[in-house]
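A short worksheet on the structure shown next.
Index from 1, following the sequence. In each ligand, atom 1 is the first atom listed, and ligand 1 is the first ligand listed.
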Amino acid sequence: MKLLDGKLVSQALKDKLKVQTAVRAAQGKKTPHLAAILIGNNGASETYVGSKVKSCEEVGFKSTLIRLEETISEDDLLFKLNELNEDDDVDGILVQLPLPKHIGEQKIIETILPSKDVDGFHSESVGRMVQGLPAFYSATPYGILLLLEHYQIETKGKHAVVIGRSNIVGRPISIMLSKNEYPGNCTVTVCHSHTPNLKEICLQADIIIAALGRLEFLRADMVKEGAVIVDVGITRVADSSKKSGFAIKGDVAFDEVSTKCSYITPVPGGVGPMTIAALMMNTFKACAAKDN
Ligand code: GUN
């Protein structure tokens with residue numbers, strides 16, 4: 001078994017972006033600028049947004065972190081987003097999800113200009129991605145593709161089983177892997193909470209993308225010998241040995257599945273860092289698209 005080391009690969013991608021950003025600066029071109037909106041005090045969201053801002057610093061991007069109260073009205077948030085849409089210095093905008101219940105998530109997503117939609121959640125971005133047009137691929141599925149590509153994982157003609165059908169991961173990765181490109185050309189099965197024979201389907205998989213959000217759901221008896229396993233899960237589990245008081249675990253029972261598979265992403269250090277590298281790549285592209 002080999003690890004698909006997202007920490008290592010994301011660092012390599014960020015190192016490359018850092019050079020490309022410095023080259024832009026030397027050419028007198030604009031520095032990429034990401035604006036991130038964080039609403040409320042959700043601990044996990046704070047951590048993710050903190051990592052995104054830190055990564056901007058690492059690669060030489062400008063970043064603006066906008067912290068808003070949990071009680072902000074939808075109208076005030078829309079106003080803020082419109083300001084960022086109109087700000088020519090801002091290349092990419094992300095609103096960290098989940099949002100407080102009184103704010104309509106889809107309305108917020110649709111308000112971000114597609115040209116600044118570096119999260120790739122806007123219906124225009126998703127529609128373009130589905131149709132094979134140039135688009136921002138949403139960061140987690142894009143990060144998974146970059147990881148498969150780095151390790152030269154053969155995907156053509158393989159059976160990929162995606163567990164989970166969320167707008168953020170399951171559905172987009174299922175479409176991306178079915179495309180006539182690399183990584184892609186998979187035969188894809190999407191499984192979800194109403195799939196009756198999930199174990200039998202997983203046993204036929206050459207590649208499994210576990211993105212259902214259930215702690216250590218995928219067990220060794222559900223995995224074919226030699227399969228490639230991508231674990232998108234991130235669940236906090238109490239752990240008094242950690243300074244934070246919790247450990248991060250995935251949707252895959254790593255210890256038992258890792259003895260059977262050919263490749264596997266660890267949690268943490270697999271898909272998570274790749275998501276951030278993919279976001280940085282999208283922000284760079286959003287900026288470069290304005291060059292003329
Ligand atoms: N919440 C969980 N994943 C994501 C993501 O990729 N982007 C944003 N904005 N929020 C998230």
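A salt bridge between Lys18 and Glu58 is absent, with no side-chain N of the basic residue lying under 4.0 Å from a carboxylate O of the acidic one. Looking at Asp91 and Lys62, no side-chain N of the basic residue comes within less than 4.0 Å of a carboxylate O on the acidic one, giving no salt bridge. Under the 4.0 Å criterion applied to side-chain N and carboxylate O atoms, Glu57 and Lys52 are not assigned as salt-bridge partners.
Screening Lys80, Lys101, Lys107 for a salt bridge (charged side-chain N to carboxylate O under 4.0 Å, His left out) involving Glu74 leaves a single residue, Lys107.
Protein heavy atom nearest atom 3 (N) of ligand 1, with residue, atom name and distance: Ile168 CD1, 4.3 Å. In terms of protein heavy atoms, atom 4 (C) of ligand 1 is closest to Gln96 NE2, 4.1 Å. Atom 8 (C) of ligand 1 has Asp119 OD2, 3.4 Å as its closest protein atom, hydrogens excluded (heavy atom only).
At a heavy-atom distance under 4.0 Å, only side-chain atoms of Lys52, from C-beta outward, approach ligand 1. When non-hydrogen atoms are compared, ligand 1 lies under 4.0 Å from the backbone of Leu97 as well as from its side chain. Within the 4.0 Å heavy-atom criterion, neither part of Leu279 lies near ligand 1. The part of Phe121 lying near ligand 1 is the side chain, judged by heavy-atom distances below 4.0 Å.
With 3.5 Å as the limit, one finds a donor-acceptor pair spanning the side chains of Asp15 and Gln11.
Ligand 1 places these atoms under 4.0 Å from at least one heavy atom of Val95: 8 (C), 9 (N).
The closest donor-acceptor contact from the side chain of His159 to the backbone of Gln204 lies under 3.5 Å.
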